Amino acid sequence: MAMSAGVPCPGDVGDPSLILTTNLDLGDQKLDAMKAISEAISKHSGKPETYIAVAINDGVSMIFGGSDAPTALGIYCSLGSISKEINGGITKDVTEILEPFGLTQDRIYINFFDVERSNCGWNKKTFAG
């Protein structure tokens with residue numbers, strides 16, 4: 001795992017990226033959900049969709065608050081573009097995208113990490129050069 005300010009981030013982070021794990025079954029609507037989330041991230045972060053990566057691991061065995069009711073956990077990593085407003089907008093939109101599948105707003109966590117440029121690799125180098 002890469003480290004961001006001493007906090008572990010998945011080793012396959014992009015700029016920005018969201019890795020979402022859920023016990024929901026998104027079925028044949030999974031790609032549409034990922035595209036909608038990508039658009040939401042672009043809207044709130046101001047970053048072009050050409051750099052945004054979204055992965056959804058659905059149908060996973062998991063609990064939240066001791067219950068296996070619909071839930072989701074996300075890890076969002078970005079080079080900058082992390083703030084109360086941006087994070088709140090992304091959280092709201094992701095939640096609303098997943099609500100039609102049965103998720104309620106009180107059963108999702110998204111953790112936000114500001115990744116240092118030297119800790120994000122792309123195109124055979126890091127963003128630091």
Side-chain angles (χ1 to χ4, degrees):
M1 288 196 152
M3 298 295 285
S4 174
V7 178
C9 277
D12 54 356
V13 300
D15 176 44
S17 65
L18 175 66
I19 300 171
L20 192 67
T21 303
T22 181
N23 58 359
L24 297 167
D25 181 359
L26 304 183
D28 61 1
Q29 296 178 45
K30 184 174 179 176
L31 181 58
D32 291 337
M34 289 190 295
K35 287 179 178 181
I37 290 170
S38 180
E39 290 172 8
I41 291 170
S42 180
K43 175 178 77 173
H44 293 290
S45 71
K47 296 196 176 195
E49 254 190 291
T50 54
Y51 289 110
I52 296 169
V54 176
I56 297 179
N57 302 304
D58 63 336
V60 175
S61 298
M62 56 192 298
I63 62 171
F64 182 115
S67 168
D68 66 350
T71 191
L73 301 173
I75 299 173
Y76 177 86
C77 297
S78 180
L79 301 175
S81 295
I82 297 279
S83 71
K84 177 183 173 182
E85 294 76 20
I86 292 169
N87 301 353
I90 291 169
T91 300
K92 179 181 182 293
D93 285 0
V94 169
T95 302
E96 289 176 354
I97 290 164
L98 296 177
E99 284 175 337
F101 297 96
L103 183 75
T104 58
Q105 65 184 14
D106 61 339
R107 294 193 51 82
I108 180 171
Y109 281 137
I110 302 176
N111 295 298
F112 293 83
F113 298 98
D114 191 351
V115 179
E116 295 177 23
R117 297 180 72 76
S118 61
N119 289 338
C120 187
W122 174 73
N123 202 19
K124 296 185 180 183
K125 59 186 176 185
T126 69
F127 280 91

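Treat the numbers as computed from the prediction; the structure is a model and nothing was measured.
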Any donor-acceptor pair under 3.5 Å from Thr126 side chain to Asn119 backbone: no
Donor-acceptor pair, side chain of His44 and main chain of Gly89, under 3.5 angstrom: yes
Flag side-chain contact, heavy atom, 4.5 Å: Ile56 against Thr22: yes
Identified side-chain contact (heavy atoms from CB on, under 4.5 Å) partner of Leu20 from the options Leu73, Ile37, Ile97: Ile37
Point-to-point distance, once rounded to the nearest 0.5 Å, from CZ of Phe101 to NZ of Lys30: 11.0 Å
Gap between atom CG of Asn23 and atom CG of Asn57 - 0.5 Å precision: 12.5 Å
Exam field: side chain Asp114 to backbone Gly80, donor-acceptor pair closer than 3.5 Å: yes
Exercise: identify the closest heavy-atom pair between Gly27 and Asp25: N-OD1, 3.0 Å
From Leu18 atom CG to Phe112 atom CZ, the distance as rounded to the nearest 0.5 Å: 7.5 Å
More than 12 heavy atoms of other groups within 6.0 Å of Gln105 CD: no
Connected via hydrophobic side-chain network under 4.5 Å: Met62 and Phe64: yes
Side chain proximity check, Thr91 to Tyr76, heavy atoms < 4.5 angstrom: no
Ser81 OG to Ile41 CD1 distance, which is reported to the nearest 0.5 Å: 11.5 Å
Qualifying residue, where the test is side-chain contact (heavy atoms from CB on, under 4.5 Å) with Leu98 and the options are Leu103, Asp93, Asp58: Leu103
Rounded distance [0.5 Å steps], SG in Cys77 versus CZ in Phe113: 6.5 Å
Same apolar cluster (I L V M F W Y, side chains within < 4.5 Å links), Ile63/Ile108: no
same_hphob_cluster(Ile110, Val54) at 4.5 Å side-chain heavy-atom cutoff: yes
ILVMFWY network linking Leu31 to Val60, side-chain heavy atoms under 4.5 angstrom: no
Check: Lys47 side chain, Leu79 main-chain N or O, donor-acceptor pair, under 3.5 Å: yes
Electrostatic pair Glu39:Lys43 at N-O distance under 4.0 angstrom: no
Ring geometry between Tyr51 and Trp122 (parallel below 30°, tilted from 30 to 60°, perpendicular above 60°): perpendicular
Donor-acceptor pair between Glu49 and Ser38 side chains, under 3.5 angstrom: yes
Pairwise distance CD1(Ile52) to OG(Ser17) - rounded to 0.5 angstrom: 10.0 Å
